[in-house]
Amino acid sequence: MRYRILLLLILILVVLLLAGISGKTDSSLPINPKVVPEYRFLDGLGYNYRGGQLVIDLLDDPKTFNPLFAFESSSDAVLSQLHGTILEVAPRHLSRLGEPEELIYEPGVIAAFEISSDLHHLALFLRQGLKFSDGHPLTSEDIVFTLRDVVLNPEIKGLRGFWEGLEDLQVEARGEWLVVISMPDPDNPETVIPPQLLANLANQVVLPKHKLEQAVIDGTFSKAWGINEARLRPEEIVGTGPFRLKSYTVGQNIVLERNPYYWKVDPEGWQLPYLDELLLRIVPDDNQRLLRFASGLSQIIRVVPEDEVFLRGELERQGIDASKAIYVPIKANTTGDSAFIPNHDTADPDLRRLFRDERFRRALSYALNRERIIKNCWLGHAEPRCSPGLAESFWIGNDLMKEIDWCRFDLDEAERLLDEIGLKDIDGDGVRELPESGKEVAFELLVSSGERIPICEANHFAEDLAMVGIKANVTPIHFTVIVQRVLTNRFEMVRLGLSGGGDPNFIRDIYGSCGALHIYKPSDCKEGEPSEERTAWQVEVDKIFDEQAMEIKPGKRQELIAELQRILAENVPIIWSVKGKDICAYRYDKIANFRCPFLELDATIKNSEIIFRRD
Amino acid sequence: MVGYILRRIFYMILMLLLISFIAFAIIQAMPGSILDYIHIYSEEDVKTYGLNQPFLVQYGKWLSRLLHLDFGIAGNGMPVSAVLFTEGAKWFYSLIIICATMLFAWPLGIAIGICSALWQNSLWDRIALFISVFGIALPNFLLALFLSWILYRGLGIPPVGNKFQLEFLWLYILVIGSASIISIMRHMRSNLIDVLTTDYIRTARAKGLREHVILKHGVRNAINPLISMLGFYIPTLFEGMIVAAAIFNIPIIERAYLEAFKNQDPYVIATGLLFFGIILLAGNLLADLLLLMNDPRIRYEG
């Protein structure tokens, strides 16, 4: 009998041991982890190659680790690895360019979602046992905190423009694993859950209540998870992404380590991510980044077009098939724009009056030779742009360009408009003057000093403007300073790359009057009727943003978005320039399962969890 | 001697006060209010540094904080001391590069200078002359780019990792110290030639003293002007370090200082200016003291 008991005990021990070794019954996983479908593993499963480090060079330091205040791509690049979103765009609907073709959503951090039959409620079912990267359980309280206390909280001013119009949503926890989002007036059959809510949830990270609740109560949320906290207490930055923050040395590197509580597994049931570490090194110079990639010190890079030939040669010299390593898209993404943004609220009253004059902005658009920029700055790897960037299914940009006359290069028309405004070159020095004051029409054009293409674009625009008698003083300054000056409304004109495309809700932060990135006219943030600050078309833009957010019929929403693009393009609040093709390269000799279309601005990798090292 | 040092330190403090005032005035000269500029300041920062107060009050508060080694808040919300010195142990790597460069440049420059003077107009001297003219004509940033390219082509490892790499220390030394070696070498050569043709050396030779004894006295006298150079040499070294830091992307104090200018980060710029002022003044004091120790004829009076 004693032997039998002993045998049984040994058997139990062996079973437990085997279970522990296999890792598949890992207690760090939720009971229903999300299985990444096999077709996404382009180079096969990597559980035999787990471990290792992926190195990517970033242009600049992140400015914050607070997702609601991450206004630029260098912050996004890091945050996208630290946080998972409530829903996700179904990957089979991503186009070859890596952007959503059809906006169909599937569960992300949550296990499932369901819209009630009366369309008044949206139920979010959580993954039981799911934990934040610090091991703290993620419950319905965290979802409610994120939605009700942070993003729907009007006291918190951050990147939440796409939640505008939805502030009255009711969010409540029902037990530990269920959250119900309800329309404010469930008895009204007109108010139903808008499909755009799903788009918002697909862009919404889950914030940990146990870490951030106090900051919300104290009113210091905007300062929470700043640079100091990240470098001194990296363990405080907690999320549900594939990686968590291990250390941050400002100006040097950000080390992300594998999140041991990540909730995705591969088709064999192995917990992701495969990599142990993601090293994001700050290398602010294009040339240094290129050399580091060419020598294998980093494994993924966005390639400046003029470096493509050099890189091909270097890779071929090392026996690497450049046609496989370098990806040049056939066409540019429909999301994102390169634009020259005049400050309609600039301090100089003469300049302000000009920038607010639609004819002047059209004249600038006529004067901009987009084809020359494409040829000289992008070496042909770009497309002209005259309207805001959106996901392909919403974008009518190319059709619109045929209708929008001032998208073409026409110096005569530009001069005619400038003459009409009364701007003449009185003293014959080649620069037009204002009729009243005799002051030259000149402004400062800010551009980021770290990259070659923006400077090239700005110089070309300045040359074009000089031909019609307008003086643009190109001022290359550090990107950080540009961000500071733009956010504090201390600029005249700035050249920026605008991202955040995709669902139309996401450009509301830029083009909506009260958006956090509505930089061309910040004082315009007022609701109601047109005023001196708010033009009729801006009121119309805001109205359409509101309407489309609540519209449930896809066709009708499509019409609204088309109208929105038309109004913006016609009123040309900013001078859209071109959209470059995102040329990207990766070291296929060192990493697997990565494909270039999945690289966004800087280093926002969309599939980092399935990448593994080959070497 | 002690009295002299104390007096010098007192003058140094006065000079530093002037430098700090100028540094602070420069950051105030930036257009707009500092509060418009850096929107990351908290209410506590505004109170601590008097950011909404008049210029002199702000300066007074900054000065009083300096005594507590609090240099202010940088544009990204970090303490200036961290941005400039401690984050990633920048001070340590700067110190390593400075010491290594000085240990390399001075003995080598002096040795080549002595050889050139002893074998004046020989093939050795002409080679040294050619190298020195070439070295003076070649800007250090070009040398840095050239060496980077050679390393990349030769070893496949570009020295641009944004980290301090000990294996590339020789490269940093070469780029930062090359101009110094040449300058020291030329000075040493001309000083020694002058000294070796003076009457007392001729007399020593006539008396039959051995050459190495003559050389010992000659070198000691020829080296005095070089010690005076030391005070100015240290700031020059920092210039070279800025170039090397920018091209090789080395995380040292000088790069943080350069980035502060690019970022227009007021408190970091002011603290950097003050720091380099301290280095310059300390270098001058050190040079004077070394001169005093080396040449017993020199006596300082206050």
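Since the model is a prediction, treat every value here as computed from it, not as a measurement. By convention in this document, chain letters (A, B, ...) are assigned in the order of the sequence lines, proteins followed by strands, and residues within each chain are numbered from 1.
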**Student:** Using heavy-atom distances under 4.5 Å, tell me whether A:Ala294 contacts chain B through its side chain, its backbone, both, or neither.
**Tutor:**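 Answer is both: backbone and side chain atoms of A:Ala294 are under 4.5 Å from chain B.
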**Student:** Return the option, out of A:Val250, A:Asp285, A:Thr64, with the maximum number of heavy-atom pairs under 4.5 Å with chain B.
**Tutor:**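 Between A:Val250, A:Asp285, A:Thr64, the count favours A:Val250.
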**Student:** Under the salt bridge (charged side-chain N to carboxylate O under 4.0 Å, His left out) test, which residues partner A:Glu306, sequence neighbours left out?
**Tutor:**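 Partners of A:Glu306 under the salt bridge (charged side-chain N to carboxylate O under 4.0 Å, His left out) test: A:Arg452.
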**Student:** May I ask you to say whether A:Arg485 pairs ionically with A:Glu444, meaning some side-chain N is under 4.0 Å from a carboxylate O?
**Tutor:**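 Looking at A:Glu444 together with A:Arg485, the answer is yes, because their closest N to O distance falls below 4.0 Å.
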**Student:** Only counting residues at least two apart or in another chain, list the ones meeting salt bridge (charged side-chain N to carboxylate O under 4.0 Å, His left out) with A:Lys246.
**Tutor:**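 Here the qualifying residues are A:Glu277.
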**Student:** At a heavy-atom separation under 4.5 Å, does A:Ile282 approach chain B through its side chain, its backbone, both, or neither?
**Tutor:**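 A:Ile282 touches chain B through backbone and side-chain heavy atoms alike.
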**Student:** Using the ring of each side chain (for Trp, its six-membered ring), is B:Tyr267 parallel, tilted or perpendicular to B:Trp62, with breaks at 30° and 60°?
**Tutor:**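 Ring orientation, 0 to 90° scale: tilted.
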**Student:** Counting only heavy atoms closer than 4.5 Å, note whether A:Phe293 contacts chain B via side chain, backbone, both or neither.
**Tutor:**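 Interface part for A:Phe293: neither.
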**Student:** What part of B:Leu155 gets within 4.5 angstrom of chain A, counting heavy atoms only: side chain, backbone, both, or neither?
**Tutor:**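 Interface part for B:Leu155: neither.
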**Student:** Under 4.5 Å heavy-atom distance to chain A, tell me which part of B:Ala246 shows up: side chain, backbone, both or neither.
**Tutor:**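 Looking at B:Ala246, just its backbone touches chain A.
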**Student:** Top residue by heavy-atom pair count (under 4.5 Å) with chain B, among A:Ser298, A:Ser295, A:Gly251?
**Tutor:**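 Looking at each option in turn, the highest pair count goes to A:Ser295.
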**Student:** Side chains of A:Gln318 and A:Arg587: is there a donor and an acceptor less than 3.5 Å apart?
**Tutor:**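 Indeed, the side chains of A:Gln318 and A:Arg587 share at least one donor-acceptor pair under 3.5 Å.
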**Student:** Testing A:Gln288, A:Arg289, A:Arg292, A:Gln299 for side-chain hydrogen bond (donor to acceptor under 3.5 Å, both in side chains) with A:Asp57, which one passes?
**Tutor:**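 For A:Asp57, the side-chain hydrogen bond (donor to acceptor under 3.5 Å, both in side chains) test succeeds with only one of A:Gln288, A:Arg289, A:Arg292, A:Gln299, which is A:Arg292.
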